[in-house]
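We count ligands from 1, going down the list as the structure has it; atoms in each ligand are counted the same way.
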Amino acid sequence: MPTEPAGATRGRLTVITGPMFAGKSARLIAEARKAGHEGMAIAVLKPAFDDRGARGLVSSRDGSSIGCESVGAWPDLAWPTRLVFIDEAQFLTGANYRGDLIADIERALDAGLDVMVSGLDTDYHRTPFAVMAELAARADAHLHLAARCHRCGQPARWTAKRAETGRLLEVGDDELYEARCDMHWTEPSAACHGQ
Ligand SMILES: [Zn+2]
(Lines give C-alpha, C1' and ligand atoms only; values in the text may rest on other atoms or scores of the structure.)
Protein backbone atom coordinates (compact mmCIF):
# COMPACT_ATOMS: atom_id res chain seq x y z
CA MET A 1 0.00 0.00 0.00
CA PRO A 2 1.50 3.34 -0.96
CA THR A 3 2.03 5.71 1.91
CA GLU A 4 2.10 9.39 1.17
CA PRO A 5 2.10 12.37 3.48
CA ALA A 6 -1.37 13.17 4.76
CA GLY A 7 -2.82 16.21 3.16
CA ALA A 8 -5.31 17.38 0.60
CA THR A 9 -4.04 15.01 -2.07
CA ARG A 10 -6.42 12.49 -3.54
CA GLY A 11 -6.05 8.97 -2.17
CA ARG A 12 -4.89 6.00 -4.20
CA LEU A 13 -7.08 3.16 -5.36
CA THR A 14 -5.49 -0.29 -5.46
CA VAL A 15 -7.53 -3.15 -6.91
CA ILE A 16 -6.78 -6.86 -6.49
CA THR A 17 -8.61 -9.22 -8.84
CA GLY A 18 -8.42 -12.85 -9.81
CA PRO A 19 -10.39 -16.08 -9.58
CA MET A 20 -11.24 -17.86 -6.36
CA PHE A 21 -8.28 -19.53 -4.59
CA ALA A 22 -5.82 -16.93 -5.91
CA GLY A 23 -4.90 -15.48 -2.50
CA LYS A 24 -6.77 -12.19 -2.91
CA SER A 25 -8.02 -12.07 0.69
CA ALA A 26 -4.62 -13.13 2.03
CA ARG A 27 -3.01 -10.26 0.15
CA LEU A 28 -5.60 -7.77 1.40
CA ILE A 29 -5.19 -8.98 5.00
CA ALA A 30 -1.38 -8.74 4.76
CA GLU A 31 -1.58 -5.16 3.48
CA ALA A 32 -4.12 -4.20 6.16
CA ARG A 33 -1.99 -5.70 8.93
CA LYS A 34 1.12 -3.95 7.63
CA ALA A 35 -0.68 -0.61 7.63
CA GLY A 36 -2.01 -1.31 11.12
CA HIS A 37 1.47 -2.14 12.41
CA GLU A 38 2.74 1.10 10.92
CA GLY A 39 0.25 2.87 13.15
CA MET A 40 -2.19 3.93 10.45
CA ALA A 41 -5.89 4.03 11.26
CA ILE A 42 -7.59 1.53 8.98
CA ALA A 43 -11.09 0.28 8.26
CA VAL A 44 -11.68 -3.24 6.93
CA LEU A 45 -15.02 -3.94 5.25
CA LYS A 46 -16.66 -7.01 3.82
CA PRO A 47 -20.15 -7.61 2.42
CA ALA A 48 -22.75 -8.64 4.98
CA PHE A 49 -23.91 -10.93 2.15
CA ASP A 50 -20.76 -13.04 2.58
CA ASP A 51 -21.62 -15.28 5.51
CA ARG A 52 -18.58 -17.55 5.32
CA GLY A 53 -16.55 -17.85 8.49
CA ALA A 54 -16.90 -15.72 11.57
CA ARG A 55 -18.89 -12.53 11.38
CA GLY A 56 -16.67 -9.52 11.93
CA LEU A 57 -13.65 -11.28 10.45
CA VAL A 58 -12.07 -11.33 6.99
CA SER A 59 -10.24 -14.63 6.77
CA SER A 60 -8.18 -16.29 4.06
CA ARG A 61 -7.50 -19.90 3.20
CA ASP A 62 -3.90 -19.54 4.38
CA GLY A 63 -5.23 -19.05 7.92
CA SER A 64 -4.71 -15.31 8.27
CA SER A 65 -7.55 -13.07 9.40
CA ILE A 66 -8.34 -9.54 10.50
CA GLY A 67 -11.28 -7.88 12.21
CA CYS A 68 -13.74 -6.16 9.92
CA GLU A 69 -17.13 -4.56 9.65
CA SER A 70 -19.79 -6.41 7.62
CA VAL A 71 -21.56 -3.84 5.50
CA GLY A 72 -24.49 -3.40 3.15
CA ALA A 73 -23.79 0.31 2.64
CA TRP A 74 -20.85 2.71 2.97
CA PRO A 75 -20.13 3.14 6.69
CA ASP A 76 -19.30 6.33 8.54
CA LEU A 77 -15.51 6.38 8.54
CA ALA A 78 -14.53 8.69 11.31
CA TRP A 79 -11.24 10.56 11.43
CA PRO A 80 -8.41 9.49 11.67
CA THR A 81 -9.13 6.62 9.28
CA ARG A 82 -6.57 6.83 6.45
CA LEU A 83 -6.98 3.52 4.66
CA VAL A 84 -10.00 1.47 3.71
CA PHE A 85 -9.75 -2.20 2.79
CA ILE A 86 -12.71 -3.93 1.12
CA ASP A 87 -12.86 -7.69 0.52
CA GLU A 88 -15.21 -9.57 -1.85
CA ALA A 89 -16.33 -6.29 -3.40
CA GLN A 90 -18.09 -8.06 -6.30
CA PHE A 91 -20.93 -8.71 -3.85
CA LEU A 92 -21.43 -5.02 -2.99
CA THR A 93 -23.99 -4.36 -5.70
CA GLY A 94 -27.72 -4.58 -6.30
CA ALA A 95 -29.83 -5.69 -3.38
CA ASN A 96 -26.69 -6.35 -1.30
CA TYR A 97 -25.62 -2.69 -1.24
CA ARG A 98 -27.57 0.45 -0.52
CA GLY A 99 -25.99 3.10 -2.72
CA ASP A 100 -23.30 3.07 -5.38
CA LEU A 101 -20.00 1.54 -4.35
CA ILE A 102 -18.06 3.29 -7.14
CA ALA A 103 -19.38 6.71 -6.12
CA ASP A 104 -18.73 5.98 -2.44
CA ILE A 105 -15.14 4.94 -3.15
CA GLU A 106 -14.58 8.00 -5.35
CA ARG A 107 -15.79 10.20 -2.50
CA ALA A 108 -13.38 8.51 -0.09
CA LEU A 109 -10.49 8.98 -2.55
CA ASP A 110 -11.40 12.64 -2.98
CA ALA A 111 -11.32 13.00 0.81
CA GLY A 112 -7.72 11.75 0.75
CA LEU A 113 -8.27 8.18 1.90
CA ASP A 114 -6.39 5.32 0.25
CA VAL A 115 -8.66 2.43 -0.74
CA MET A 116 -7.69 -1.17 -1.47
CA VAL A 117 -10.38 -3.41 -2.93
CA SER A 118 -10.26 -7.11 -3.69
CA GLY A 119 -12.79 -9.20 -5.56
CA LEU A 120 -13.53 -11.64 -8.32
CA ASP A 121 -13.06 -10.18 -11.79
CA THR A 122 -15.39 -12.74 -13.41
CA ASP A 123 -18.18 -15.05 -12.35
CA TYR A 124 -18.25 -18.79 -13.02
CA HIS A 125 -19.59 -18.18 -16.54
CA ARG A 126 -16.44 -16.04 -17.16
CA THR A 127 -18.64 -12.92 -17.35
CA PRO A 128 -17.00 -9.85 -15.80
CA PHE A 129 -18.45 -8.43 -12.61
CA ALA A 130 -19.20 -4.88 -13.77
CA VAL A 131 -18.30 -3.28 -10.44
CA MET A 132 -14.86 -4.90 -10.42
CA ALA A 133 -14.20 -4.02 -14.09
CA GLU A 134 -15.10 -0.39 -13.32
CA LEU A 135 -12.85 -0.32 -10.25
CA ALA A 136 -9.96 -1.92 -12.14
CA ALA A 137 -10.31 0.69 -14.89
CA ARG A 138 -10.11 3.48 -12.28
CA ALA A 139 -7.32 1.92 -10.21
CA ASP A 140 -3.98 3.62 -9.66
CA ALA A 141 -2.58 0.12 -9.22
CA HIS A 142 -4.18 -3.13 -10.37
CA LEU A 143 -2.86 -6.46 -9.16
CA HIS A 144 -4.23 -9.49 -10.96
CA LEU A 145 -3.54 -12.75 -9.14
CA ALA A 146 -3.71 -16.24 -10.63
CA ALA A 147 -4.71 -19.40 -8.82
CA ARG A 148 -3.61 -22.97 -9.54
CA CYS A 149 -5.85 -25.04 -11.77
CA HIS A 150 -7.57 -27.72 -9.68
CA ARG A 151 -7.14 -30.15 -12.59
CA CYS A 152 -3.56 -29.64 -13.76
CA GLY A 153 -1.81 -27.23 -11.41
CA GLN A 154 -1.05 -24.65 -14.09
CA PRO A 155 -1.85 -20.96 -13.51
CA ALA A 156 -5.62 -20.49 -13.50
CA ARG A 157 -7.53 -17.29 -14.18
CA TRP A 158 -11.08 -18.67 -14.13
CA THR A 159 -13.52 -19.78 -11.46
CA ALA A 160 -15.61 -22.84 -12.33
CA LYS A 161 -18.68 -24.00 -10.49
CA ARG A 162 -18.75 -27.73 -9.91
CA ALA A 163 -22.52 -28.02 -10.33
CA GLU A 164 -25.21 -25.55 -11.28
CA THR A 165 -27.41 -24.47 -8.40
CA GLY A 166 -29.27 -21.75 -10.29
CA ARG A 167 -27.80 -18.90 -8.24
CA LEU A 168 -25.24 -16.57 -9.81
CA LEU A 169 -24.19 -14.90 -6.56
CA GLU A 170 -23.64 -17.77 -4.22
CA VAL A 171 -21.14 -17.90 -1.41
CA GLY A 172 -19.18 -21.13 -1.34
CA ASP A 173 -15.79 -22.72 -1.02
CA ASP A 174 -14.13 -25.70 -2.70
CA GLU A 175 -17.26 -27.82 -2.26
CA LEU A 176 -18.85 -25.57 -4.87
CA TYR A 177 -16.08 -23.87 -6.84
CA GLU A 178 -12.70 -24.66 -8.40
CA ALA A 179 -10.02 -22.56 -10.07
CA ARG A 180 -9.41 -23.64 -13.66
CA CYS A 181 -6.96 -22.83 -16.45
CA ASP A 182 -8.06 -21.93 -19.99
CA MET A 183 -7.89 -25.57 -21.04
CA HIS A 184 -9.90 -26.97 -18.12
CA TRP A 185 -12.55 -24.32 -17.51
CA THR A 186 -16.09 -25.60 -18.18
CA GLU A 187 -19.61 -24.47 -17.51
CA PRO A 188 -21.05 -26.26 -14.48
CA SER A 189 -22.75 -29.58 -14.92
CA ALA A 190 -26.52 -29.55 -14.64
CA ALA A 191 -26.43 -32.36 -12.10
CA CYS A 192 -27.96 -30.31 -9.31
CA HIS A 193 -30.88 -28.95 -11.29
CA GLY A 194 -34.20 -29.65 -9.67
CA GLN A 195 -32.74 -30.58 -6.32
ZN1 LIG B 1 -5.79 -26.90 -16.00
Side-chain angles (χ1 to χ4, degrees), residues 1 13-34 44-54 57-66 68 85-94 96-97 101-102 115-195:
M1 201 75 185
L13 174 62
T14 305
V15 174
I16 305 170
T17 58
M20 288 183 66
F21 314 104
K24 300 185 302 298
S25 296
R27 184 64 181 260
L28 186 93
I29 291 165
E31 295 288 346
R33 292 185 146 202
K34 181 160 158 273
V44 183
L45 314 177
K46 79 169 186 182
F49 175 79
D50 185 353
D51 55 5
R52 284 172 297 179
L57 214 55
V58 170
S59 48
S60 74
R61 293 178 187 84
D62 72 0
S64 63
S65 63
I66 192 166
C68 74
F85 296 87
I86 308 171
D87 197 32
E88 304 286 358
Q90 78 279 352
F91 289 140
L92 291 173
T93 62
N96 300 314
Y97 192 78
L101 182 67
I102 305 286
V115 180
M116 178 175 274
V117 183
S118 85
L120 294 169
D121 46 347
T122 59
D123 66 21
Y124 63 88
H125 297 301
R126 300 197 292 191
T127 302
F129 280 106
V131 68
M132 295 308 302
E134 182 73 35
L135 287 168
R138 291 166 184 251
D140 297 288
H142 179 197
L143 180 65
H144 184 76
L145 300 178
R148 288 276 160 203
C149 176
H150 278 63
R151 294 287 173 85
C152 71
Q154 291 299 305
R157 60 179 169 144
W158 306 116
T159 302
K161 201 168 194 175
R162 297 177 61 177
E164 184 56 86
T165 61
R167 285 192 289 169
L168 183 63
L169 291 186
E170 183 170 21
V171 170
D173 216 310
D174 55 8
E175 82 291 350
L176 198 54
Y177 296 104
E178 291 183 349
R180 301 272 181 88
C181 69
D182 286 26
M183 191 191 301
H184 289 118
W185 177 85
T186 55
E187 287 285 353
S189 72
C192 283
H193 263 319
Q195 286 186 3

When you measure from the side chain of R151 to the backbone N and O of C181, does any donor-acceptor pair fall under 3.5 Å? no

Is any protein N, O or S atom closer than 2.8 Å to the Zn ion (ligand 1), and if so, which? C149 SG, C152 SG, C181 SG, H184 ND1

Take D121 and R157 through the test salt bridge (charged side-chain N to carboxylate O under 4.0 Å, His left out) and record every step on the way to the result. CA-CA 9 Å; D121 46 347; R157 60 179 169 144; over 6 Å; no

Using the side-chain contact (heavy atoms from CB on, under 4.5 Å) rule, pick out the option among I16, L13, L101 that qualifies with V117. L13

Just jot down the side chain to side chain donor-acceptor pair (under 3.5 Å) partners of S25, sequence neighbours excluded, or say none. D87

Between the main-chain N or O of L120 and the side-chain N or O of K24, is there a donor-acceptor pair closer than 3.5 Å? no

Expected output: side-chain R33 to main-chain S65 donor-acceptor under 3.5 Å: yes

